[in-house]
Amino acid sequence: MDFTPDPGRAPKTAADGVRLARTVAAGPEHFGPGFVRRAPYESDPAVWAVLDGDCLWQHSPLPSGVLASLTRRSELPAQGGKGPLRVSAVVTVHRDVSGADWELARTLEEVLRCPQQQLSRSEKITGLISQGTVFGAGGNRYADDALGESGEYYSDDLGGPHAYYWDQARIGQVTVAVVSKGSKGRTKEELDAATSAAVSSLLIRLQKELEAAQ
């Protein structure tokens with residue numbers, strides 16, 4: 001990772017965090033041709049998702065250690081006998097590096113605690129497995145830390161099981177993540193291509209926002 005951060009460009013306030021998140025967050029154009037916005041497109045940056053004790057994801061106000069957390073939702077619409085490919089990009093800006101580092105550690109722990117998770121009343125994921133890699137290990141040459149999750153996705157309207165991927169990475173005090181949810185006729189290769197394209201674009205824009213002038 002050829003990147004030198006500028007401490008003077010690090011976000012320090014909630015307004016800084018929101019600006020950075022909106023600049024970095026991936027839209028449909030970053031996932032590949034044909035992707036469009038999905039409603040609701042953008043989340044409230046003062047709220048984030050928390051996995052509760054019953055393995056159900058809930059929305060909660062940001063803790064004091066988080067400046068902003070923004071999610072943008074897109075999809076490749078159903079076409080040619082294939083269902084939609086639904087994706088989301090998440091940017092979370094912490095006050096410091098330790099907070100962002102702890103977010104990734106907690107994500108790894110959550111898979112062990114909850115290999116089955118309820119995303120909403122109509123969606124769930126099962127059989128989750130995850131793997132984390134620090135910079136320089138396992139092919140990670142692009143972020144301070146990274147992790148990937150995979151499992152099977154079910155929903156009331158799309159059925160299942162379908163492929164599910166969550167890729168997350170950290171640079172300094174900021175984490176970025178992309179989730180891809182499959183449906184009928186969508187291959188793992190399609191999900192992987194969309195996920196990889198969006199993660200790469202997120203990290204490129206994040207480094208550009210935080211790096212020192214050359």
Side-chain angles (χ1 to χ4, degrees), residues 1 3 5-6 9-51 57-63 65-77 84-97 99-104 106-107 119-120 123 142-149 164-181 190-211:
M1 182 171 59
F3 167 67
D6 179 353
R9 302 187 70 180
K12 298 176 177 62
T13 67
D16 292 340
V18 171
R19 183 202 62 78
L20 178 66
R22 286 199 166 122
T23 300
V24 171
E29 67 276 14
H30 300 113
F31 288 92
F35 280 85
V36 298
R37 292 186 178 190
R38 185 166 182 255
Y41 174 57
E42 190 172 282
S43 70
D44 180 350
V47 172
W48 73 344
V50 177
L51 189 64
W57 285 97
Q58 307 273 10
H59 289 99
S60 174
L62 296 179
V66 181
L67 299 176
S69 187
L70 183 76
T71 299
R72 284 181 176 162
R73 303 173 184 87
S74 304
E75 74 173 9
L76 187 60
L85 199 173
R86 292 174 177 167
V87 295
S88 299
V90 186
V91 179
T92 302
V93 185
H94 293 260
R95 289 191 182 276
D96 52 41
V97 172
D101 189 40
W102 175 243
E103 182 192 345
L104 266 73
R106 186 178 62 248
T107 302
L119 300 178
S120 67
E123 297 177 296
Y142 53 86
D144 294 323
D145 287 296
L147 67 85
E149 293 181 5
Y164 172 90
Y165 292 122
W166 168 277
D167 279 13
Q168 189 170 21
R170 177 183 68 83
I171 293 180
Q173 71 192 85
V174 183
T175 67
V176 299
V178 172
V179 59
S180 299
K181 305 170 184 175
E190 286 180 290
L191 270 70
D192 185 61
T195 302
S196 297
V199 170
S200 295
S201 70
L202 283 161
L203 292 172
I204 289 170
R205 288 193 301 283
L206 178 57
Q207 290 186 14
K208 183 178 180 181
E209 288 298 308
L210 298 179
E211 69 183 350

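Basis for what follows: all heavy atoms, side chains included, without hydrogens, waters or symmetry-related copies.
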Revision key, fill the gap. When rounded to the nearest 0.5 Å, the distance separating OG of Ser201 from CD of Glu29 is 8.0 Å
Practice item. Could you list the residues that satisfy side-chain hydrogen bond (donor to acceptor under 3.5 Å, both in side chains) with Asp96, not counting sequence neighbours? Key: Ser98
Check your understanding: Around Lys208, counting heavy atoms of other residues, nucleotides and ligands shown, do more than 12 lie under 6.0 Å from its NZ?
Key -> no
Practice item. Kindly give the heavy-atom pair with the smallest separation between Ser69 and Ser43, and that separation in Å. Key: O-OG, 4.0 Å
Review point. Is Ser200 reaching over with its side chain to a backbone N or O of Ala197, donor-acceptor style, under 3.5 angstrom?
Key: no
Review point. Listed by chain and number, what are the salt bridge (Lys or Arg N to Asp or Glu O under 4.0 Å) partners of Arg37, not counting sequence neighbours?
Key: none
**Study point:** Considering all heavy atoms, the nearest Thr195-Tyr165 contact
**Key:** OG1-CB, 4.4 Å
Exercise for review: Taking the side chain as every heavy atom from C-beta outward, state whether Leu85 and Leu191 have any atom pair closer than 4.5 Å.
Suggested key: yes
Practice item. Write down the atom of Pro11, the atom of Gly17, and the distance for their closest heavy-atom approach. Key: CB-N, 4.1 Å
Practice item. Locate the shortest heavy-atom distance separating Ala25 from Leu202; write the atom from each residue and the value. Key: CA-CD2, 3.8 Å
Study note, to complete from the structure: One should read off an interatomic distance between Arg170 CZ and His94 NE2, to the nearest 0.5 angstrom, of 9.5 Å
Check your understanding: Have Glu103 and Thr175 got a donor and an acceptor in their side chains that come within less than 3.5 Å?
Key -> yes
Point to revise | Test salt bridge (Lys or Arg N to Asp or Glu O under 4.0 Å) applied to Glu42 - qualifying residues, sequence neighbours left out | key: Arg22, Arg72
**Study point:** Results of ring pair (Phe, Tyr, Trp, His ring centres under 6.0 Å) for Phe31 - residues two or more places apart only
**Key:** Phe35
Revision key, fill the gap. The reported gap from CG in Leu119 to CH2 in Trp57 (rounded to nearest 0.5 angstrom) is 8.5 Å
Exercise for review: Please lay out, stage by stage, how Val18 and Leu70 fare under the test side chain to side chain contact (heavy atoms under 4.5 Å, CB included).
Suggested key: CA-CA 8 Å; Val18 171; Leu70 183 76; over 6 Å; no
Point to revise | Interatomic spacing from CG in Leu51 to OG in Ser60 - rounded to 0.5 Å | key: 12.5 Å
Exercise for review: Please report the shortest heavy-atom distance between Leu210 and Arg9, naming the atom on each side.
Suggested key: CD2-O, 3.9 Å
Check your understanding: To the nearest 0.5 Å, what is the distance between OG1 (Thr13) and CZ (Arg95)?
Key -> 8.0 Å
Check your understanding: Say you draw a straight line from CD of Glu209 to CZ of Arg19; how long is it, rounded to the nearest 0.5 Å?
Key -> 5.0 Å
Exercise for review: Please confirm whether the backbone N or O of Val97 pairs with a side-chain atom of Asp101, one donor and one acceptor, at under 3.5 Å?
Suggested key: no
Study note, to complete from the structure: Hits for salt bridge (Lys or Arg N to Asp or Glu O under 4.0 Å) against Glu149, two or more places apart or cross-chain, chain-then-number order -> none
Exercise for review: With sequence neighbours left out, write down each residue that passes salt bridge (Lys or Arg N to Asp or Glu O under 4.0 Å) with Arg205, or none if nothing qualifies.
Suggested key: none
Review point. Can you check whether Val178's main-chain N or O pairs, donor with acceptor, with Asp167's side chain at less than 3.5 Å?
Key: no
Review point. Any sub-3.5 Å donor-acceptor pair from Gln168's side-chain atoms to Leu147's backbone N or O?
Key: no
Check your understanding: Which atoms form the tightest heavy-atom contact between Tyr41 and Ala26, and what is the distance?
Key -> OH-O, 4.4 Å
